[in-house]
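A short worksheet on the structure shown next.
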Amino acid sequence: MADFKKNMLKRILIFAVVITFLFCADGVRVLYLQTVQREDLSAKADSQQLSDTEVKAMRGTIYDSEGNVLAQSATVWNIFIDPSNINNDSKRELVVNTLSEFLRFDEEAKKELYDNSKKDTKYVVVAKKVENDIKEKIADFSAKNKLGTVIGFEQTTRRYYPYGNFASSVLGFTGGDNQGLSGLESYYDKELTGTNGRIITVKDAKSNRLPTDYETSIDAIDGNSLVLTINQTIQYYLEKGLRTTMQEYKCKGAYGIVMDCNTGAILAMSSMPDFDCNDPYKITYDKTKKELDKITDKKEKTLEQSKAIQNQWRNFTVSDTYVPGSVFKTFMSCAALEENVVTLDTTYTCTGSKRVQDYTMKCHYHPGHGTQTLTQGLENSCNPFFITIGQKLGVHNYFKYFDAFGFTQKTGIDLPGETMSQYYREEQYGIVELSSASFGQTNSLTPIQVCCGLCAIANGGTLVKPYIVSEIKDANGNTVKKTQKTEVRRVISKDTSAKVCKMMKAVVDEGTGKNGYVAGYRVGGKTGTSTKLGESKAGEKDKYIVSFAAIAPSDHPEIASLILIDEPNEDLGGGALCAPISAQVTEQAMQVLGVEPKYSEKEAKDLSISTPALIGLTTDSAKASLSEKNLKTKIVGSGKKVISQSPSAGSAIPNGGVVVLYTEKGTRQKVKVPDFSGLTISEANAAAADKNLNIEISGNNLSSSNVVAYSQSAEKGTEVDIGAVITVSFKSTKSVLD
């Protein structure tokens with residue numbers, strides 16, 4: 001009995017120990033689950049019980065200086081299906097066929113959708129970033145057929161660029177996740193990107209969402225918006241001029257900058273070839289397309305396509321350097337005048353070349369310019385004159401101003417990828433390097449550096465920091481940040497600034513920059529050419545980049561601009577290729593900025609006048625009225641009173657033009673616009689008179705020699721009323737590679 005009790009106690013003790021151990025083990029397990037694995041298990045529970053959907057925030061809008069939308073995000077939808085809720089083949093066929101129709105799937109995509117609809121899963125994405133009208137059609141279809149959660153929608157956003165290629169190298173573009181990949185989209189990505197929101201909904205045991213009573217939402221916060229300094233009108237004319245010239249002369253590229261010289265604000269900036277911001281991987285330049293079509297090797301073609309795409313994304317004006325050539329002579333003039341090594345009366349006799357140690361450095365005009373003043377030296381872009389100036393200035397003073405104008409530092413513009421200039425340090429200069437640098441060779445600068453230097457010349461002598469975003473606003477339109485003018489340093493005196501501005505005006509009035517002339521606006525300018533050393537293959541002619549720098553109005557400058565044409569297929573300088581673009585852009589910029597023209601006596605004589613109102617007058621009275629205004633008359637019909645006229649009342653008409661008077665209904669006459677391109681002013685006037693048209697002369701009419709038409713406001717072959725006014729732009733074909 002005693003043994004039995006002893007064994008029972010032993011068994012009870014063992015059982016108690018086992019039970020205690022099991023309780024302790026469970027306790028430890030529970031403690032482990034509640035502490036170490038708490039977060040993981042909680043997340044798994046949430047994933048089974050809750051549906052957490054991200055709501056994409058809208059990326060901030062980008063506006064031009066006048067409030068026009070250049071880049072904007074809009075709501076789009078990702079479409080998905082829940083295969084686990086497709087429980088029969090007839091429903092599957094209905095869903096697959098209808099979605100394929102709405103989403104315009106081909107047979108291969110339709111088959112893939114059918115296969116996906118059979119998967120053992122609750123979530124398969126069918127299409128991404130679907131427009132709202134298509135989403136609504138799919139939602140209506142789902143509701144009518146009581147499909148429940150078979151088809152689902154996730155809200156997201158898509159970036160739109162209303163003007164396609166407009167300012168593309170400045171704006172850049174975004175990637176698939178709406179992250180900025182280039183341009184302002186990249187540089188200001190943090191400011192433009194908002195904070196995503198969430199919608200949290202409870203799910204039932206079958207993982208279906210319960211009604212919205214169980215829903216919690218956190219609103220998305222949209223990104224900040226950018227207001228640019230870019231003016232749409234100035235940008236349009238800059239791009240138009242660059243694109244036309246690039247295509248006509250089969251150039252490698254064409255680039256331009258227009259700046260407010262007093263503040264540093266970028267009014268326009270472009271690099272060609274450009275791209276469509278909505279489709280950045282599509283090659284846009286016809287010359288490039290033809291070159292790629294000639295490549296038969298697939299690997300080589302793929303490599304060259306990639307290079308071409310990367311090239312059209314580059315903003316040359318900020319991310320590349322070039323040798324400025326004779327445009328640099330404006331900065332040399334400033335340095336020499338400031339240091340009093342020359343005056344405006346200083347003369348030099350050019351014989352066509354100058355010997356520097358073992359090198360003969362030539363002037364572009366090989367016979368030599370003869371004796372000339374400093375202003376005439378700039379007008380003629382005389383290399384030997386500026387070599388002499390550089391040698392008088394000396395290395396130390398030369399480099400002092402090279403540095404002061406900002407050519408040894410980045411400008412700090414708010415765009416990505418600004419590169420550094422490539423230049424000789426002060427201790428690296430010898431007499432040969434100094435002489436070469438004095439007429440714009442030796443050193444490579446970025447276009448934005450050169451344009452900022454021009455601003456300093458134009459604004460009285462102060463270097464200003466360039467900027468392209470004037471204001472940052474939050475989603476409610478409140479200003480978060482406003483850019484202020486930043487003065488970097490004073491470079492030259494106001495007196496020197498005024499003298500060089502006057503010299504630059506003489507370049508346009510009398511020198512190599514005549515094609516930069518704009519009536520009433522006193523434009524100053526400087527042409528430039530630089531040889532691209534080492535880039536030509538054996539047996540090929542040298543490759544060039546030509547340029548034209550401008551300021552306007554030269555007596556009280558508002559803008560500075562720089563136009564560059566890269567590797568044109570003809571040996572034409574900046575005066576022939578770049579200055580006409582500059583003239584058109586300058587004229588538009590002056591009008592946009594509200595600068596009133598001031599016409600000389602000669603210019604005033606050539607001004608257009610307003611066509612008088614003649615309808616209702618007798619033909620005799622109308623003729624007399626036109627005669628008083630030095631206008632000619634052409635009468636169509638046999639009536640006694642004027643019932644309509646061309647040009648219409650108030651229209652601008654050239655002095656001495658013809659007004660067509662109609663005296664009977666149904667007699668209005670049309671004529672096809674002739675092709676004025678290549679005609680001289682007198683030839684164009686004759687061609688217009690032959691068609692009873694009026695032409696308004698624009699551009700270079702300072703000299704009748706070598707001046708021909710190169711563009712017209714109405715394309716050849718266009719039907720217009722007789723008497724209509726066609727604006728024809730002229731330029732000089734005389735050009736130098738200076």
Side-chain angles (χ1 to χ4, degrees), residues 322-348 350 354 356 361-364 369 372-408 421 423-424 426 429-445 449-458 461 463 491-493 495-507 511-513 524-530 547-551 560 562 574 738:
Y322 79 110
V323 177
S326 293
V327 167
F328 194 81
K329 292 170 183 172
T330 58
F331 306 115
M332 285 299 298
S333 299
C334 290
L337 286 167
E338 193 75 8
E339 291 297 316
N340 296 312
V341 300
V342 295
T343 69
L344 294 179
D345 296 324
T346 297
T347 60
Y348 173 81
C350 171
K354 185 173 178 64
V356 181
M361 296 188 176
K362 295 181 179 180
C363 186
H364 67 86
H369 291 107
Q372 53 197 333
T373 64
L374 179 62
T375 298
Q376 290 169 331
L378 191 67
E379 287 175 16
N380 297 325
S381 199
C382 178
N383 288 348
F385 198 161
F386 279 86
I387 291 171
T388 302
I389 291 172
Q391 291 176 357
K392 286 183 178 180
L393 194 62
V395 170
H396 177 71
N397 281 332
Y398 166 84
F399 194 79
K400 180 173 74 172
Y401 287 93
F402 186 86
D403 180 57
F405 272 112
F407 301 144
T408 62
S421 54
Y423 61 92
Y424 277 55
E426 184 175 349
Y429 281 93
I431 189 67
V432 173
E433 291 77 15
L434 175 62
S435 299
S436 174
S438 297
F439 59 92
Q441 303 301 312
T442 302
N443 299 304
S444 292
L445 311 177
Q449 284 178 316
V450 175
C451 206
C452 286
L454 291 168
C455 287
I457 294 175
L463 188 68
V491 184
I492 55 175
S493 66
D495 180 61
T496 297
S497 167
K499 286 176 181 176
V500 176
C501 287
K502 190 174 181 180
M503 291 169 62
M504 292 176 71
K505 181 179 183 295
V507 173
T512 59
K526 184 67 193 79
T527 54
T529 302
S530 57
S547 57
F548 184 74
I551 58 173
L562 181 65
D738 60 344

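Atoms considered below: every heavy atom in the structure, side chains included; atoms not considered: hydrogens, waters and symmetry mates. Counting begins at 1 with the first residue of the sequence.
The shortest side-chain heavy-atom distance between Leu337 and Val342 falls under the 4.5 Å cut-off.
A search for ring pair (Phe, Tyr, Trp, His ring centres under 6.0 Å) contacts involving Phe386 returns nothing, not counting sequence neighbours. Every salt bridge (charged side-chain N to carboxylate O under 4.0 Å, His left out) that Glu339 has, sequence neighbours left out, goes to Lys400. Residues that satisfy the side chain to side chain donor-acceptor pair (under 3.5 Å) test with Glu338, not counting sequence neighbours, are Ser493, Thr496. Residues satisfying the side chain to side chain donor-acceptor pair (under 3.5 Å) test with Gln391, not counting sequence neighbours, are Ser435. Ala560 meets the side chain to side chain contact (heavy atoms under 4.5 Å, CB included) test with Cys261, Leu454, Cys455, Ile551; sequence neighbours excluded. Not counting sequence neighbours, the partners of Asn443 by the side chain to side chain contact (heavy atoms under 4.5 Å, CB included) test are Tyr398, Phe402, Tyr423, Tyr424, Tyr429, Ala437. Listed by chain and number, the residues in a side chain to side chain contact (heavy atoms under 4.5 Å, CB included) with Ser438 are Met332, Leu434 (sequence neighbours excluded). Qualifying salt bridge (charged side-chain N to carboxylate O under 4.0 Å, His left out) partners for Asp403, counting only residues two or more places apart in sequence or in other chains: none. Residues satisfying the salt bridge (charged side-chain N to carboxylate O under 4.0 Å, His left out) test with Lys354, not counting sequence neighbours, are none. In this structure, the side chain to side chain contact (heavy atoms under 4.5 Å, CB included) partners of Ser436, at least two apart in sequence or on a different chain, are Met361, Gln441, Thr442. Considering only residues two or more places apart in sequence or on other chains, Tyr401 meets the ring pair (Phe, Tyr, Trp, His ring centres under 6.0 Å) condition with none of them.
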Requested in this report: Take Leu344 and Thr375 through the side chain to side chain contact (heavy atoms under 4.5 Å, CB included) test and state the conclusion after the steps.
Outcome: CA-CA 7 Å; Leu344 294 179; Thr375 298; 4.2 Å; yes

Report task. Evaluate the side chain to side chain contact (heavy atoms under 4.5 Å, CB included) criterion for residues Leu374 and Ile389: first the C-alpha distance (whole Å), next the side-chain angles of each, then the deciding distance (0.1 Å), finally the verdict. Result -> CA-CA 10 Å; Leu374 179 62; Ile389 291 172; 3.6 Å; yes

Query - Pair Val507-Lys329, side chain to side chain contact (heavy atoms under 4.5 Å, CB included): steps then yes or no - result: CA-CA 12 Å; Val507 173; Lys329 292 170 183 172; over 6 Å; no

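Here Leu445 contributes atom CG and Cys452 contributes atom SG; the two are 11.5 Å apart, rounded to the nearest 0.5 Å. A distance of 8.5 Å separates CG in Asn380 from SG in Cys350, rounded to the nearest 0.5 Å. Interatomic distance, Lys392 NZ to Asn340 CG, rounded to the nearest 0.5 Å: 12.5 Å. Remark: Tyr322 OH to Gln449 CD distance equals 10.0 Å, nearest 0.5 Å. Taking OH of Tyr348 as the reference point, atom OG1 of Thr373 lies at 14.5 Å (rounded to 0.5 Å).
Taking every heavy atom of both residues into account, Met503 and Ser333 meet most closely at CE-OG, 3.8 Å. Between Lys362 and Asn383, the shortest heavy-atom contact is O-ND2, 3.2 Å. Minimum heavy-atom separation, Gly453 to Phe331: C-CE2, 3.4 Å. Heavy-atom minimum distance, Pro324 versus Val450: CB-CG2, 4.4 Å. The two residues Thr512 and Lys526 make their nearest non-hydrogen contact at OG1-NZ, 4.3 Å. The two residues Gly377 and Phe385 come nearest to each other via the heavy atoms CA-CD1, 3.7 Å.
Judged as a salt bridge (Lys or Arg N to Asp or Glu O under 4.0 Å), the pairs with a partner in residues 497-507 (not counting sequence neighbours) are, in order, Asp495-Lys499, Lys505-Asp509.
Side-chain contact check for Ser381 and Ser326: at least one donor-acceptor pair (N or O, by modelled atom type) lies under 3.5 Å.
Between the side chain of Ser497 and the backbone N or O of Ile457 there is at least one donor-acceptor pair closer than 3.5 Å.
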